[in-house]
Amino acid sequence: MNRREALKVGGGAGALALATIAGLIRPGEALAQQQWNKAAFETKSVAATLKALGGSGSTESAQIQITAPDIAENGAVVPITIESAIPSTEAIAILIEKNPNTLSADFDIPPGTDPFITTRVKMAETSNIYAVVKAGGKYYHAA
Amino acid sequence: MADPMRIRANMLGDKVEVRVLMAHEMETGQRKDASGAIVPAHFIQNVTVTHAGKTVLSAQWGTSISKNPFMHFRFKGGKPGEKVTITWVDNKGERRTDEAVIGGGS
Amino acid sequence: MSFPRLLPAVLVGVLAASVPCVCQAQDDTQKEVERYRQLLAEGNPADLFEAKGEELWKTPRGPRKASLEQCDLGLGAGVVKGAFARLPRYSADTDRVQDLESRIVTCMVTLQGFKQEDITKNPFSAPGRPSDLEALASYVAGESKGMKLAAPLDHPKEMEAFRIGERLFYRRAGPHDFACVSCHGENGKRIRLQELPKLTDPNDARKIFTSWPAYRVSQGTVRTMQHRLYDCYWQMRHPQMDYTSEASIALQVFMAKYAKGGEIRAPGLKR
Amino acid sequence: MKRLASLTLLALAACASGPSDDEMRDDEMRQRAEQVFRESFTRGNPVIRARVEQQDDVQALCTRYRNDPPKDVAAKIESEQAASIRYPAPGHFLGDWRRGEKIAQDGYGMRFTDPDTKRPNGGGCYNCHRIAPAEISYGTVGPSLYRFGALRGTGEAVQRYVFGKIYNSQATTACSNMPRFGHNGVLTEEQIKDLVALLLDPASPVNQ
């Protein structure tokens, strides 16, 4: 099952987070039960990744800012920052169009955490970078 | 066992700014070794950051996150002296948990 | 100057959206590369190696189950702070001029009982084979961060090493006629996009010599000064330079003379 | 420093009573450095080792004069190196610029990690020169060669000059930093012709 679907129906990770607060299980154990969206990480195009994330109807948004150098001295380490100004941002995904697998990372942003993330990705070749943001149950993207 | 992470957590206004480096090969599963054999994929799949028992960030990663991964983010509700705990789990089930004490203004 | 054996399965990525126009290609490229480096400086993975090195330094290991805490790096047994800022230097106990790595090896042999041949056979890491020496060198160098390089370089053996290093710096050989000076003899030059320091210019030498060991993003690991020299000779179509060989130390003494006074920024972060 | 070195040589030439004390010490130091060099590359590939242990006359002279030889020494190097160039038949200097571009990009060959296969060596020209405009990752140790043919002409005299420069750079500039690609067997005649085409073929991107 797709973890996003689990989140949508309000079970899964939400219930586990509650259990953590109650001190029933330690964070590490909660992680062991966490899922990894294999289907999404195996997609090979931006459209397929969007579909796998449940965001096929995504709209382009100017409120998502992608910061990356125009030239990476080394494609093995490309620093990327994604910042969303869309209210109620819940998740940010990073997609590298030309990589063998398009989806690079998917971050869940709980309330109280800034819709801002910096990480470093590998790029197989010159490529466009897409950010996909889930906010208020809807999907948005930017390139 | 995996080497420790380096976590820096500092107050930035009313937010906690977290920067973390993790020691991990992040093998793509596409690289060949000297003898031409494929090196199996070995990469972090899940990262969870907690503060005061609450998850403040969770992530799923693929093989294209760089070796020795770096992450930078900010959350509200933390105070100097409190702890931030970060755990990663990779595709072989190896894991590592480290924590850092939130420092004053950076 | 990539090192194909160690490069991951990815190559330099240039974002298609904005290839600079021909007219300003060089300026724009340089500016973007500078920006790239600034973005990376936010988190230097060398930190991971420093931490690992410190742990290795303090853990009893080797046939004698001893730690390296009593190692004399030149400032007396047990003094790590500031020791890197005084290297390379002559050591009376070995009657040799030694650099950081050579001195760490001495301590691993004398204190921990490791065999010299074993620890120097594969001193550089490869994917799946980490190197203790890279971590140890990162730790010791990091303990001099912010200090100024002040290797004395006035012992007769140090002065002799300088003259040997100087000759080797200009020594041309091999099918490409390369010497160190072929790449490091002029200001403001670069190989591909990599700027080249003029090593006999104190302004350049102070910045460069004091920034190794460094995390190399192209190789995903910390590389040391010994590796930098080994890699230069690889590019010069020379054979593998022996780890901590006399030539490698003479060249460092030569460079250190010009780099004196430079602020230690090791372990650094490089392409 | 450089000026001093050449003066010392002239003084020596004029002096019939043998080497001075300075010259003796210099020679001693040279021998000591050579010994250190030999003892510092003991584990390497013996073929590569043999290639670097023994310097040829040009390498030894350029080392001695730190790439700034006195005029007479420079003239001797240049004339001897010029005589070593094996030119192709007149009218046959231009190869294929597309192959030339590949050779200019390629740094393969003669390093200790390059397996001994039939893969030809590269020229690695972009390491030091700007050439075709599409490649933005180029070095600046050598001059820019972009629009070389458009600026210098593409006739046979220029073709012959470029061939000779790549074959043996020291025929025109003693102790040049540039490798002697033909003389030292790094590149074949065919490969050098492809590089001549990269610089001079009117269809090459270099001249657009």
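Lettering follows sequence order; numbering is per chain, from 1.
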Exercise for review: For R35(C), check side chain to side chain donor-acceptor pair (under 3.5 Å) against everything at least two apart and list the hits.
Suggested key: E32(C)
Point to revise | For the student: nearest non-hydrogen atoms of V217(C) and A76(A), plus distance | key: O-CB, 4.3 Å
Revision key, fill the gap. Cut-off 4.5 Å, heavy atoms of chain C, and the answer for T118(A) is side chain
**Study point:** Pairwise distance CD(Q219(C)) to CG(N74(A)) - rounded to 0.5 angstrom
**Key:** 9.5 Å
Practice item. Could you please state which residues from residues 47-58 of chain C sit under 4.5 angstrom from chain A, measuring non-hydrogen atom to non-hydrogen atom, sorted by number, or 'none'? Key: none
**Study point:** Residue K148(C) excluded, over 12 heavy atoms near NZ under 6.0 Å
**Key:** no
Review point. More than 12 heavy atoms of other residues, nucleotides or ligands under 6.0 Å from NZ of K260(C): is that the case?
Key: yes
Exercise for review: Kindly compute the distance separating CG (L39(C)) from CZ (R120(A)), expressed to the nearest 0.5 Å.
Suggested key: 8.5 Å
Check your understanding: Atom CG in L193(C), atom CD1 in I71(A): separation rounded to 0.5 Å?
Key -> 7.0 Å
Review point. What closest approach, in Å, do R37(C) and E73(A) show between heavy atoms, and which atom pair accounts for it?
Key: NH2-OE2, 2.6 Å
Study note, to complete from the structure: Residues P69(A) and Y36(C): closest non-hydrogen pair is CG-CD1, 3.5 Å
